[in-house]
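One-based numbering, in listed order, for ligands and for the atoms of each.
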Amino acid sequence: MSIFDKKVGVIGLGYIGLPTALSLAANGVDVIGVDVKKEIVDSLKSGQVTFEEDGLQGLYEAAVAKKMEFSTVYPSADIYVVTMPTPYDERTKKVDASYIVRAVDCVLDVMPKGATVVVESTVSPGTIDDHVRPLFAKRGLTLGVDAHIAHAPERIIPGNMLYELEHNARTIGADEPEIGELVKELYGSFCKGEIVTTDIRTAEMTKVVENTFRSINIAYANELAKLCRQNGMDVREVIRIANKHPRVNILSPGPGVGGHCISVDPWFLVGDYGESLAELTFAAVSVNASMPEYTLGRIADVMEANHITDNSRVGLYGLTYKEDVDDTRESPTLQLLDCMRKHLAKGFKVYDPFVKQQICDGQVFSLDEFLGSVDMVVLLVGHSEIKQNMEKLKGKLVLDTRNVCPFAQERL
Ligand code: SAJ
C-alpha cells in the first residue's frame with residue numbers, strides 16, 4: 001500500500017498546517033484539513049486562503065483540483081499530521097503543550113487501530129515523552145502495536161514558504177524504522193530535499209537548536225549594533241566587511257526578534273535546562289528582548305537632537321514581525337509600543353500595508369496619509385512597498401533600523 005492509498009488528516013490549518021496540507025494534496029495524497037475555527041474552514045471551502053504568502057492561492061487551486069477537503073470535524077484517517085501552535089509558558093518559559101495535547105486527544109477519539117500520529121509543531125526535547133505518549137497509555141493503547149507516533153518538525157521560513165517546503169531538508173523522528181520510512185514517504189510526496197530519519201528526542205532537539213542558533217547569531221548582531229553606536233561606528237559596514245571572511249556570517253541587527261519561532265523556541269531550552277546551563281542561549285534571548293526598548297531610546301535621542309517634541313509628528317513604519325508577511329505575533333513594533341506605554345508616552349502614528357485591521361492606537365491605513373502626517377519616519381520593517389517608494393521619504397527625517405533606506409540620516 002503506497003502513501004497515495006492512505007487518508008491523511010492535517011490537524012490545524014495555520015501558517016504551517018495549511019501549506020503542508022495543500023502541498024500533500026497537490027501532489028496526489030488524499031488529504032482532509034481540519035481546524036476548529038469555523039471561519040478558517042469556511043474561508044477555505046469558499047475558495048479563499050487565510051493568510052498572505054507568495055504562491056499559496058495557486059497551490060490551493062492545485063490541491064482542491066485533486067483530493068483536498070476541509071472540515072471542523074476530526075476524521076478517521078491512516079496518518080494524522082498535527083501542526084498546532086506551541087507557545088511558551090510566560091512564567092516557566094517551558095513549552096506550552098496544551099494545544100498539542102488537546103489535538104492529539106481529539107485524534108485518539110476517532111483514530112482507527114494502527115494509525116500514525118505525526119507531531120509537526122516545534123517542541124522542546126522530551127515533550128512527546130512527557131505530554132503525548134501518556135495520552136495513548138491513558139486509553140490503554142500500546143505504541144508500536146495499536147498506534148504509532150513520529151515527529152517531523154517543519155523548517156520553512158515565512159515569506160519563502162512554498163520554495164522551502166519543496167527544497168529544504170527535513171528531519172523525521174520515530175520509534176520504529178518502518179514508521180520513519182512511512183512518514184518519509186509522506187513528506188517525500190512533495191519534498192525534494194534530503195529527509196533524515198532519527199529518534200524522536202533527537203528530532204525535537206535538532207529543531208530547537210536550529211532556531212536557537214539563528215537567535216544567537218541575531219543577538220550578536222544586535223550587541224554589535226549597541227557597541228558600534230557607543231563609538232559612532234557604522235555596524236552595517238563592520239558586519240559587511242567581517243562577512244567577507246570565508247567563515248564569518250553575521251546576521252543583521254534590528255529593532256527586535258519577532259514571530260512565533262525564533263523569539264519563542266530558544267526559551268524552551270532556558271525553561272527546561274535553566275539559565276546557568278543554557279547560559280549562552282539565555283544571554284542571546286535577553287539581548288534580543290532588549291531591542292524594542294533600545295530602539296525606543298534611539299527614537300527619543302533622534303527626536304531630541306532634531307528638536308521634535310510632538311510624538312504625533314513621528315511615524316512608525318511596519319507592524320508585522322518581519323518584511324512582506326502579514327503575521328504580527330511577537331512583533332517588535334508592538335513590543336516597542338508596549339514599552340512606550342510603560343513610560344506613559346503615546347502618540348506615534350503607525351502604518352503597515354499588510355495590517356488592515358486596527359490593532360494599535362495611532363494606526364493609519366494608507367502610505368500617503370501616513371507620510372503626509374509626520375516629519376520623522378522610523379523604518380521598523382523593510383517591506384517591499386517602502387523599498388519601491390523610497391523617494392516618498394525624501395524630505396523626512398528617517399531613522400532606519402533595517403538598512404533599507406540609502407539616504408536615511410539615522411540608523412540603529
Ligand atoms: N531578524 C533580524 N535579523 C536577521 C534576521 C532576522 O533581526 O538578520 C528578525 C526578523 O526581523 C524577525 C525575527 O528575527 O523579527 C525572525 O525572523 P526570521 O526570518 O529569522 O525567522 P522566522 O521566525 O520567520 O523563521 C524561522 C526559520 N528558522 C531558521 O532560519 C533557523 C524557519 O526556517 C523556521 O521554519 C521557522 O523559524 C519556524 O517555524 O521555526
Side-chain angles (χ1 to χ4, degrees), residues 12 14-20 51 53 83-88 95 119-124 151-171 191 193 203-226 235-236 239-240 242-243 249-268 284-285 287-292 294-295 317-336 352 354 379-383 400-404 411-412:
Y15 286 102
I16 301 301
L18 181 60
T20 304
F51 62 92
E53 177 68 31
T83 65
M84 305 306 282
T86 45
Y88 65 84
V95 68
V119 175
E120 182 158 332
S121 319
T122 303
V123 291
S124 64
H151 180 43
E154 57 81 18
R155 273 178 165 169
I156 52 177
I157 197 147
N160 195 24
M161 279 182 166
L162 302 194
Y163 178 86
E164 294 209 346
L165 259 178
E166 194 178 334
H167 295 95
N168 283 5
R170 295 194 74 111
T171 318
C191 173
E204 290 175 320
M205 185 61 156
T206 305
K207 170 60 201 268
V208 176
V209 162
E210 290 161 11
N211 279 356
T212 302
F213 175 81
R214 192 160 170 85
S215 169
I216 292 171
N217 193 335
I218 297 169
Y220 186 52
N222 283 333
E223 181 168 298
L224 286 179
K226 292 178 178 178
V235 65
R236 307 282 173 167
I239 292 176
R240 188 179 72 80
N243 281 352
N249 183 19
I250 306 167
L251 291 170
S252 307
V257 169
H260 194 57
C261 309
I262 307 279
S263 71
V264 173
D265 304 348
W267 282 108
F268 298 164
V285 288
V287 170
N288 289 337
S290 74
M291 292 313 289
Y294 178 78
T295 306
Y317 179 90
L319 264 168
T320 61
Y321 84 93
K322 67 174 188 179
E323 68 286 358
D324 296 333
V325 300
D326 62 4
D327 188 346
T328 58
R329 290 177 297 173
E330 322 294 331
S331 142
T333 307
L334 291 175
Q335 293 179 49
L336 186 153
D352 190 303
F354 286 87
L379 294 175
L380 292 168
V381 183
H383 289 308
D400 181 4
T401 70
R402 296 288 190 178
N403 205 28
V404 287
R411 296 182 189 273
L412 201 64

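A donor-acceptor contact under 3.5 angstrom links the side chains of K226 and S290, judged on distance only. Between the side chains of D352 and H383, at least one donor N or O lies within less than 3.5 Å of an accepting N or O. Looking only at atom types and distance, the side chain of N288 has no donor-acceptor partner in the side chain of S263 under 3.5 Å away.
Looking only at side-chain heavy atoms (C-beta outward), I156 and M161 come within less than 4.5 Å of each other. Between H151 and V123 there is a side-chain heavy-atom pair separated by less than 4.5 Å.
Atom 25 (O) of ligand 1 has I157 CG1, 3.8 Å as its closest protein atom, hydrogens excluded (heavy atom only). If you check which protein heavy atom lies closest to atom 3 (N) of ligand 1, you get S252 O, 2.7 Å. Here the heavy atom of the protein found nearest to atom 24 (O) of ligand 1 is Y321 OH, 2.6 Å. Scanning all protein heavy atoms for the shortest distance to atom 20 (O) of ligand 1 gives R214 NE, 2.6 Å. The nearest protein atom to atom 31 (C) of ligand 1, hydrogens excluded, is given as N211 OD1, 3.2 Å; this is a heavy-atom distance. Nearest protein heavy-atom contact of atom 6 (C) of ligand 1 is I218 CD1, 3.5 Å. Closest to atom 39 (O) of ligand 1, if we only count protein heavy atoms, is E154 OE2, 2.4 Å. Nearest protein heavy-atom neighbour of atom 21 (O) of ligand 1: I262 CG1, 3.6 Å.
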(request) Show the numbers, then the answer: is there a side chain to side chain contact (heavy atoms under 4.5 Å, CB included) between Y15 and D326? (result) CA-CA 11 Å; Y15 286 102; D326 62 4; 3.3 Å; yes

(request) Could you check V287 against E223 for side chain to side chain contact (heavy atoms under 4.5 Å, CB included), going step by step and ending with a plain yes or no? (result) CA-CA 7 Å; V287 170; E223 181 168 298; 4.2 Å; yes

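Listed by chain and number, the residues in a salt bridge (charged side-chain N to carboxylate O under 4.0 Å, His left out) with D400 are R411 (sequence neighbours excluded).
Ligand-side atoms of ligand 1 in range of R155: 32 (C), 33 (O), 34 (C), 35 (O), range being under 4.0 angstrom from any heavy atom. Ligand-side atoms of ligand 1 in range of K207: 38 (C), 39 (O), 40 (O), range being under 4.0 angstrom from any heavy atom. Which parts of ligand 1 touch E210 is read off a 4.0 Å heavy-atom cut-off, strictly below it: atoms 31 (C). Of all the atoms in ligand 1, the ones that sit under 4.0 Å from a non-hydrogen atom of P158 are 24 (O), 25 (O). Here is the list of ligand 1 atoms found below 4.0 Å of a heavy atom in C261: 23 (O), 36 (C), 37 (O), 38 (C), 39 (O), 40 (O).
Applying the salt bridge (Lys or Arg N to Asp or Glu O under 4.0 Å) definition to pairs two or more places apart or across chains, those involving residues 206-222 are E154-K207, R155-E210.
Under 4.0 angstrom from ligand 1, the non-hydrogen atoms of R402 all belong to its side chain. Contacts of H260 with ligand 1, taken as heavy-atom pairs under 4.0 Å, are absent altogether. Contacts with ligand 1 closer than 4.0 Å are made by backbone heavy atoms (N, CA, C, O) of I156 only, the side chain lying farther away.
Residue contacts with ligand 1: M291 is excluded, as none of its non-hydrogen atoms falls under 4.0 Å.
Residue F354 is tested with D327, D324, V381, T328 for a side chain to side chain contact (heavy atoms under 4.5 Å, CB included); the sole match is D324.
Between the side chain of T86 and the backbone N or O of S121 there is no donor-acceptor pair closer than 3.5 Å.
For a threshold of 3.5 Å applied to N or O pairs, the pair formed by E164 and ligand 1 contains no separation below that value.
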